[in-house]
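Note that the structure is predicted; figures quoted are calculated from it, not measured. For this chain, numbers begin at 1 and follow the sequence in order.
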Amino acid sequence: MPISFRNPFTPAENEVFTPQQYLQRKLDFSIWNQQNPVVHQSFCMDAAHHQVMVNGMCCVQHLQQCVEGNLFDLAGCKAGVFVEPEGFQKWLLLAKKRLEELHSGQDDLGKWTILLKAGDDELYRWIWEHGDNYNQNLRPGFSLNSFVVACQKYDFNPEFKEIALAFGFTESEVANCWAKPTK
């Protein structure tokens, strides 16, 4: 089953960008997500959904957004902005199976709770093993600071207004972050 995209800026699985193209696309992707937030189903907050929720798989809308984010991070790895951690794509394989199930009208919550609890170590090993020692600027995903570091590294100079919209900060906060020397 092909993945149906919700965010029009989500890259296709085989799409490759230059670092500058990727950073611009990240801004567009993030601004769109900020302006079109996912609305969780009421049952997502139930205790029984905790494990699938923390893994981003509680409902179709949230799962789709998480899949899009994962595809986006993988595009960043292909662009050379991030180093792809070993096993990073394992979550995506499970998410596709869960998405197929939810699209078919099924929801075997018990199976997914057990599977995700058992798989935590393997799915997130790259985070647990490196912890705070992992270079945050090479890890998939962006904080405001790591985005600014990447922009400066790849000589990409977007407007502060765009960065502020994408990350939910003020232009002044972006300017302050931009002015800090990078490592």
Side-chain angles (χ1 to χ4, degrees), residues 2-42 44-45 53-85 88-89 91-92 95-96 99 124 126-127 130-183:
I3 297 172
S4 60
F5 296 113
R6 178 180 113 7
N7 185 322
F9 299 104
T10 303
E13 288 188 66
N14 59 354
E15 196 166 357
V16 179
F17 301 102
T18 66
Q20 294 86 356
Q21 290 169 327
Y22 177 77
L23 294 168
Q24 180 59 58
R25 187 78 163 258
K26 171 61 180 174
L27 288 175
D28 298 335
F29 178 86
S30 296
I31 290 168
W32 193 93
N33 275 344
Q34 289 281 350
Q35 294 172 343
N36 300 278
V38 166
V39 178
H40 283 277
Q41 302 294 316
S42 59
C44 292
M45 304 306 161
M53 184 174 191
V54 297
N55 281 279
M57 299 188 188
C58 55
C59 62
V60 171
Q61 296 85 353
H62 188 228
L63 177 55
Q64 188 66 49
Q65 183 182 49
C66 291
V67 166
E68 292 166 0
N70 189 285
L71 289 173
F72 206 89
D73 289 342
L74 286 172
C77 296
K78 288 177 188 172
V81 175
F82 306 122
V83 175
E84 183 177 337
F88 182 63
Q89 295 186 46
W91 179 91
L92 185 58
K96 288 177 182 180
L99 201 54
Y124 304 107
W126 64 277
I127 296 173
H130 299 285
D132 292 335
N133 297 325
Y134 199 81
N135 183 338
Q136 297 297 313
N137 296 326
L138 295 178
R139 178 178 172 170
F142 280 121
S143 65
L144 172 61
N145 185 64
S146 61
F147 183 78
V148 166
V149 168
C151 287
Q152 292 172 347
K153 177 180 179 181
Y154 295 108
D155 197 29
F156 179 67
N157 296 299
E159 292 181 21
F160 290 170
K161 181 179 180 177
E162 277 187 295
I163 299 173
L165 284 171
F167 287 90
F169 287 90
T170 65
E171 288 182 55
S172 174
E173 290 168 320
V174 172
N176 287 338
C177 187
W178 196 274
K180 292 179 189 173
T182 59
K183 294 180 182 180

N7-N36 side chain donor-acceptor pair, cut-off 3.5 Å | no
Are any non-hydrogen side-chain atoms of [X] and [Y] less than 4.5 angstrom apart?
X   : Y   : result
K96 : V67 : no
V39 : Q61 : no
Q89 : L74 : yes

Looking only at heavy atoms, what is the nearest atom pair of [X] and [Y], with distance?
X    : Y    : result
A166 : Q34  : O-NE2, 3.4 Å
A75  : E15  : CB-O, 4.5 Å
W91  : N70  : CE3-ND2, 3.5 Å
D73  : P140 : CB-CB, 3.9 Å

Checking K26, R25, Q24 against D28 for side-chain hydrogen bond (donor to acceptor under 3.5 Å, both in side chains), the one that qualifies is Q24
The side-chain contact (heavy atoms from CB on, under 4.5 Å) partners of N157 (sequence neighbours excluded) come to D155, W178
[X] side, atom [atom1]; [Y] side, atom [atom2] - distance, nearest 0.5 Å:
X    : Y    : atom1 : atom2 : result
Q65  : C59  : CD    : SG    : 9.5 Å
W32  : T10  : CH2   : OG1   : 8.0 Å
N176 : F169 : CG    : CZ    : 11.5 Å

Q. Can you say whether the rings of F142 and Y22 are parallel (under 30°), tilted (30 to 60°) or perpendicular (over 60°)?
A. tilted
For residues 158-171, the salt bridge (Lys or Arg N to Asp or Glu O under 4.0 Å) pairs (sequence neighbours left out) are none
For the pair E68 (side chain) and R6 (backbone), establish whether a donor and an acceptor sit closer than 3.5 Å, ignoring hydrogens and angles.
-> yes
### Task
Go through the steps to decide whether L27 and F147 satisfy the test side-chain contact (heavy atoms from CB on, under 4.5 Å), and finish with yes or no.
CA-CA 10 Å; L27 288 175; F147 183 78; 3.6 Å; yes
